[in-house]
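Right, one structure below, let's go through it.
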There are 2 protein chains.
Amino acid sequence: MRISSKGDYGLRALFDLAQRYGEGPIQSDDIATRQGIPVNYLNQLLITMRRAGLIDSLRGPQGGHMLARAPETITLREVLTVLEGPLLPDEPGRETSPPAIPEDHALIDELWAELRERIERLLAETTLDDLCQRKRQRSGSVMYYI
Amino acid sequence: MRISSKGDYGLRALFDLAQRYGEGPIQSDDIATRQGIPVNYLNQLLITMRRAGLIDSLRGPQGGHMLARAPETITLREVLTVLEGPLLPDEPGRETSPPAIPEDHALIDELWAELRERIERLLAETTLDDLCQRKRQRSGSVMYYI
DNA sequence: CGTAATGTAGAGTAAACTACTCAAGAAATC
DNA sequence: GATTTCTTGAGTAGTTTACTCTACATTACG
């Protein structure tokens, strides 16, 4: 139960794109340099995110990547689900030995389902735009002291 | 970001022990059979949980395992932390290429930390005793219809 | 039209982790 | 001292992680 580099790097890349939303395509090289991500690996993640409909990509000179939707419509939940998969595989399928007390089995299964829903609801509360606002607020309060 | 068999099996085993809290040592064979867990694997997990102070174990005939503390003092947070490790390694240490925009890096780092705390708080809300009560309520409401 | 700049697709890989099994040993009870 | 139970550590096949690399497709520009 941990966030892997996919979720970490992927979110950092989307955050980079969110800050430049509306400025046209951003190249993966630039994202990689700014955010400190291995560019080859990032390219893979970008493809995954494009296929999932999070970003649009354009080839050729002046090509690059951009958010497919406005930053306030992209939640952490969607990002992490795309990159990390669900908290538990939908139907676990751990059927090695038969469960002798099916009611206990069902109760724990339901607990996992409930937990997944609660965590996903929590993740859905934060959007890419929230992250941008946080950064703005932060740099803003620093400004006062310069 | 998923619950592995360690967390799943481990919780099922502890739930089994919680339902028999105060009845003395319970053998791993019995737990394994009741909950449908491969016994060799379960033995490993039980050792991990004993070393973490979740259970006490006794060898010899009539030996077995028992919760080290009352079920209402053992939370999902503790169980999953012991068995699955933290949501993110404490200091990620992904320092492959240097982060060109350190403020972005810090912001995402803090987001992960905040998220971890929020999820752990959520997990801390449920104890083993809560699971036992749920089961009791459930079988109770079934009783009315028999 | 050609060439350079970009993303795309898929293969490859070392290391770690998962989900187990197994055998030898230690401790407690009878 | 035999048996029951947990303990320790090794082993292993398969999957995932965290990448790299090569070849290819597409587009823009001159």
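The basis for the numbers below is simple: all heavy atoms, side chains too, and nothing from hydrogens, waters or symmetry mates. Below, read A as the first sequence line, B as the second, and so on, with proteins coming before strands; counting in each chain starts at 1.
Counting only heavy atoms from C-beta outward, the side chains of A:K135 and B:E103 approach each other to under 4.5 Å. Residues A:F15 and A:C132 form a side-chain contact, since some pair of their non-hydrogen atoms from C-beta on lies under 4.5 Å apart. Counting heavy atoms from C-beta on, the side chains of A:R34 and B:D104 never come closer than 4.5 Å. In this structure, the side chains of A:L131 and B:I108 come closer than 4.5 Å at one or more pairs of heavy atoms.
Considering only side-chain atoms of B:S5, the nucleotide from C:dA19, C:dC22, D:dC19 that sits closest is C:dA19. The A:Q27 side chain lies nearest to C:dT6 when the options are C:dT6, C:dT21, D:dT20. Picking from C:dG7, C:dT8, C:dC22 the nucleotide with the shortest atom distance to the side chain of A:S28 gives C:dG7. Distances were taken from every side-chain heavy atom of A:S4 (C-beta onward) to each of C:dG7, C:dA9, D:dA18; the shortest belongs to D:dA18.
Listed pair B:Y41 / C:dC22 fails the phosphate criterion, with no side-chain N or O lying under 4.0 Å from OP1 or OP2. Regarding contacts with the backbone of D:dT5, every side-chain N or O of B:S57 stays at 4.0 angstrom or more from both OP1 and OP2. Between B:R50 and D:dT8 there is a side-chain N or O to OP1 or OP2 distance below 4.0 Å.
When the options A:L14, A:D56, A:I26 are evaluated for a side-chain contact (heavy atoms from CB on, under 4.5 Å) with A:L67, the one that passes is A:L14.
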Listed pairs, N/O of protein and of nucleotides 10-16 of chain C, under 3.5 Å:
{"residue": "C:dA11", "atom": "N6", "partner": "A:Q44", "partner atom": "OE1", "Å": "3.3"}

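Per the geometry, CG belonging to A:L83 stands 14 Å off C1' belonging to D:dA18, to the nearest Å. In this structure, NE2 of B:H65 is placed 11 Å from P of D:dT5, rounded to the nearest angstrom. One interatomic measurement links the two molecules: CZ of B:R12 to P of C:dA19, which rounds to 13 Å at whole-angstrom precision. For the pair B:M49 CE and D:dT7 C1', the computed distance is 15 Å after rounding to whole Å. Spacing between atom CG of A:D56 and atom P of D:dT27 amounts to 13 Å, rounded to whole angstrom units. Straight-line distance from the CG atom of B:N43 to the C1' atom of D:dT5: 9 Å, rounded to whole Å. The NZ atom of B:K6 sits 7 Å away from the C1' atom of C:dC17 (whole-angstrom rounding). Spacing between atom CG of A:L42 and atom P of D:dT20 amounts to 11 Å, rounded to whole angstrom units.
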inquiry  = Strictly under 4.0 angstrom, non-hydrogen atoms only: write out the protein contact profile of nucleotides 25-30 of chain C, one letter per nucleotide from the 5' end, B, S or -.
reply    = BBSBB-

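Atom CD of A:E117 is surrounded by 12 or fewer heavy atoms from other residues, nucleotides or ligands within 6.0 Å.
The closest side-chain donor-acceptor pair between A:T33 and A:D30, if any, does not fall under 3.5 angstrom.
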query = Could you walk me through whether B:R121 and B:E125 pass the salt bridge (charged side-chain N to carboxylate O under 4.0 Å, His left out) check?
reply = CA-CA 7 Å; B:R121 207 176 306 144; B:E125 286 173 21; over 6 Å; no

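The backbone N or O of B:G63 sits less than 3.5 Å from a side-chain atom of B:Q27, completing a donor-acceptor pair. Panel note: side chain B:S139, backbone B:R136; a donor-acceptor pair is recorded below 3.5 Å.
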